[in-house]
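Because only heavy atoms are used, hydrogens play no part in the values below, and waters and symmetry mates are left out as well, while side chains stay in.
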Amino acid sequence: MSSILPHLPPEIIIDILSRLPAKPLFRFKCVCTSWLSLISNNPEFAKAHLRHAKQDTGVNRYRLCLPKSPFQSIDHDAYCYGNNVVTRNLTYRHAVTDELDFIGSCNGLIALALDSDSDIIVWNPTTGDSRLLPPGDSSMSDKVFSGFGYDSYLDDYKVVRGVAAASSESGIKMEVFNLKGNTWRSINDLKSNISINGSCISINGFLYWLVHIEHYPNEKLGIISFDLAEEKFVEMVEVPDDLTKKFGSNSLKMHRVGENVCVCTDCYQDCYEGWIMERDGSEISWRKWYSFRKQRMPRCQQWCEVIWVAKNGNVLFDFDGTGLLLHNPEAHRSFQYHINWEGFQTITYLETLVSPNSV
């Protein structure tokens with residue numbers, strides 16, 4: 001029997017490698033020059049790896065990014081399953097400033113704005129690759145809302161930002177940056193009296209913002225969706241009046257739970273609740289996801305924001321920007337605290353090989 005192992009066809013090797021997590025792939029770059037080129041510089045391999053990463057239900061490939069100096073990464077499930085937490089430093093080639101805002105996370109890429117949006121960077125925290133976008137419209141420096149997502153029709157990633165005009169007749173001024181074209185473009189705006197605030201969530205080619213439809217004393221909130229392929233607003237879904245009246249419009253925030261939109265209470269509440277918006281065809285319904293009283297977390301003084309949902313149903317929260325808290329909505333128990341964090345923002349990302357420079 002020959003001691004020499006038979007060579008596998010290249011397509012079999014590529015398929016096997018594309019199914020592995022990103023961390024061991026970095027080590028495999030040292031095997032040979034062809035593997036180095038494949039893992040580091042092949043966009044089609046990165047797409048195949050992304051596809052398998054999103055389909056893999058056996059391993060958690062999502063991590064939590066903390067904008068400390070240096071940037072750090074944490075495995076969510078280490079908290080959610082009570083394992084020892086390992087913090088990993090990330091490669092980030094730009095200055096970490098106090099004025100930093102996460103715009104969004106999509107397919108392993110994070111878009112973040114520095115110094116009141118004068119600089120926008122698209123960064124892969126897994127590989128360390130980053131791209132500083134050219135400046136756009138200077139009047140957008142005091143933006144009201146922004147977003148980042150993937151346009152599957154063009155196979156491209158887009159950054160969206162906009163400002164509300166002085167009057168509803170003038171509408172909303174918006175511009176879009178697509179990574180392939182490497183340019184900012186103005187887009188047709190929406191003429192409406194709604195008020196869009198803050199960043200958004202990205203789900204399957206759509207961006208979602210929580211918007212004020214009517215203001216005090218007749219407060220009413222809605223969720224507006226933006227089609228990245230069509231580059232237009234396509235739908236408005238009203239948040240149930242019961243939630244707005246119970247908690248107030250300024251205490252509700254929007255999050256992503258799987259492939260669904262969730263509205264949660266955020267700050268200065270005696271009771272924290274989360275509601276998931278579910279869609280059945282054209283029908284929209286709302287389901288209570290969790291509910292617990294503030295007394296169960298005495299260290300939480302101001303606000304409590306959803307960070308991550310584990311496979312076992314545990315929900316990880318950031319409370320007061322100083323700690324992390326765990327809650328199981330099914331059992332209404334299992335709180336865990338990790339105290340003595342400095343104030344931080346957080347964002348979740350998927351470990352992929354997608355490069356902002358090869359799009």
Side-chain angles (χ1 to χ4, degrees), residues 14 17-29 38-67 70-77 87-94 100-113 120-133 146-152 154-160 177-180 199-207 228 255-256 258-259 307-311 345-359:
I14 292 173
L17 292 177
S18 69
R19 298 172 185 272
L20 299 177
K23 189 174 180 180
L25 284 177
F26 294 152
R27 297 196 300 269
F28 296 161
K29 289 181 182 181
L38 176 72
I39 297 169
S40 301
N41 304 315
N42 191 315
E44 294 305 316
F45 178 77
K47 290 179 184 178
H49 181 267
L50 169 64
R51 183 172 64 253
H52 291 307
K54 297 174 77 171
Q55 294 172 348
D56 188 359
T57 59
V59 179
N60 173 41
R61 301 198 189 186
Y62 286 88
R63 295 186 68 88
L64 183 69
C65 176
L66 305 180
F71 274 81
Q72 295 181 354
S73 173
I74 298 175
D75 182 355
H76 306 86
D77 286 352
T87 300
R88 181 194 308 166
N89 288 344
L90 298 172
T91 301
Y92 177 77
R93 297 180 175 88
H94 309 272
L100 181 151
D101 290 305
F102 288 124
I103 296 175
S105 172
C106 181
N107 293 347
L109 299 178
I110 294 176
L112 48 95
I120 295 179
I121 293 168
V122 179
W123 169 53
N124 184 324
T126 304
T127 65
D129 290 347
S130 63
R131 177 172 172 179
L132 176 64
L133 305 190
S146 60
F148 174 66
Y150 176 67
D151 177 357
S152 60
L154 294 178
D155 185 25
D156 200 0
Y157 293 85
K158 295 180 177 179
V159 176
V160 177
F177 183 91
N178 61 308
L179 267 62
K180 280 186 175 179
S199 59
C200 71
I201 59 175
S202 172
I203 303 176
N204 296 329
F206 290 85
L207 303 180
L228 281 168
H255 300 277
R256 174 177 177 169
E259 300 301 308
I307 294 177
W308 176 248
V309 185
K311 295 174 186 177
Q345 299 181 66
T346 58
I347 194 167
T348 293
Y349 68 94
L350 179 65
E351 289 192 304
T352 73
L353 304 176
V354 177
S355 172
N357 298 304
S358 64
V359 174

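- Between Asp156 and Lys180, no side-chain nitrogen of the basic residue sits less than 4.0 Å from a carboxylate oxygen of the acidic one, so the salt-bridge criterion is not met.
- The shortest side-chain heavy-atom distance between Leu133 and Val159 falls under the 4.5 Å cut-off.
- Contact of the Val354 side chain with the Tyr157 side chain is registered, since non-hydrogen atoms from C-beta on lie closer than 4.5 Å.
- Counting only distance, with no hydrogens or angles, the side chain of Ser105 and the backbone of Thr348 share a donor-acceptor pair below 3.5 Å.
- Under the 4.5 Å side-chain criterion, counting only non-hydrogen atoms from C-beta, Thr127 is not in contact with Ser355.
- In this structure, the side chains of Phe148 and Phe102 stay at 4.5 Å or more apart for every pair of heavy atoms.
- Counting only N and O atoms by type, the side chains of Asn204 and Tyr150 include no donor and acceptor under 3.5 Å apart.
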Original post:
How far apart are the C-alpha atoms of Leu207 and Leu228, what are their side-chain angles, what is the distance that settles it, and do they pass the side-chain contact (heavy atoms from CB on, under 4.5 Å) test?
Top reply: CA-CA 7 Å; Leu207 303 180; Leu228 281 168; 3.9 Å; yes
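- Taking OG of Ser18 as the start and CG of Leu50 as the end, the distance is 11.0 Å to the nearest 0.5 Å.
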Original post:
Does the side-chain contact (heavy atoms from CB on, under 4.5 Å) test come out yes or no for Ile120 and Ile103, once each step is laid out?
Top reply: CA-CA 9 Å; Ile120 295 179; Ile103 296 175; 4.0 Å; yes
**OP:** Might you work through the side-chain contact (heavy atoms from CB on, under 4.5 Å) test for Ile110 and Ile347, ending with a clear yes or no?
**Re:** CA-CA 8 Å; Ile110 294 176; Ile347 194 167; 3.7 Å; yes
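- Within 6.0 Å of the NZ atom in Lys29, the count of heavy atoms belonging to other residues, nucleotides or ligands exceeds 12.
- In this structure, Lys158 contributes its side chain and Asp151 its backbone to no donor-acceptor pair below 3.5 Å.
- In terms of heavy atoms, Phe45 sits closest to Leu38 at CD2-O, 3.6 Å.
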**OP:** Show your working on side-chain contact (heavy atoms from CB on, under 4.5 Å) between Ile203 and Arg256 and close with a plain yes or no.
**Re:** CA-CA 8 Å; Ile203 303 176; Arg256 174 177 177 169; 3.8 Å; yes
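- Residues Leu353 and Ile39 meet the side-chain proximity criterion, which asks for heavy atoms closer than 4.5 Å.
- The shortest side-chain heavy-atom distance between Ile14 and Leu17 does not fall under the 4.5 Å cut-off.
- Summarising the geometry of Gly108 relative to Pro125, their closest heavy-atom pair is O-CD, 3.4 Å, with the distance given to 0.1 Å.
- Proximity of a side-chain donor or acceptor of Asn124 to a complementary backbone N or O of Thr352 within less than 3.5 Å is detected.
- Using modelled atom types, one finds no donor on one side chain facing an acceptor on the other under 3.5 Å when comparing Tyr349 with Thr126.
- Rounding to the nearest 0.5 angstrom, the gap separating the OG atom in Ser40 from the CG atom in Asp129 is 9.0 Å.
- With salt bridges taken as basic N to acidic carboxylate O contacts below 4.0 Å, one links Arg88 and Glu351.
- Counted by atom type alone, Arg63 and Ser73 present one or more donor-acceptor pairs between their side chains at under 3.5 Å.
- Heavy atoms only, all atoms of each residue included: Cys200 and Gly147 are closest at SG-CA, 3.4 Å.
- Using a 4.5 Å cut-off on side-chain heavy atoms (C-beta onward), Leu90 and Cys65 make contact.
- The main-chain N or O of His49 is never found under 3.5 Å from a side-chain atom of Lys54 such that the two would form a donor-acceptor pair.
- Side-chain atoms of Trp123 never come within 3.5 Å of backbone atoms of Leu132 as a donor-acceptor pair (strictly under, hydrogens ignored).
- For the pair Leu179/Arg131, a side-chain contact is recorded, criterion being any heavy-atom separation below 4.5 Å from C-beta on.
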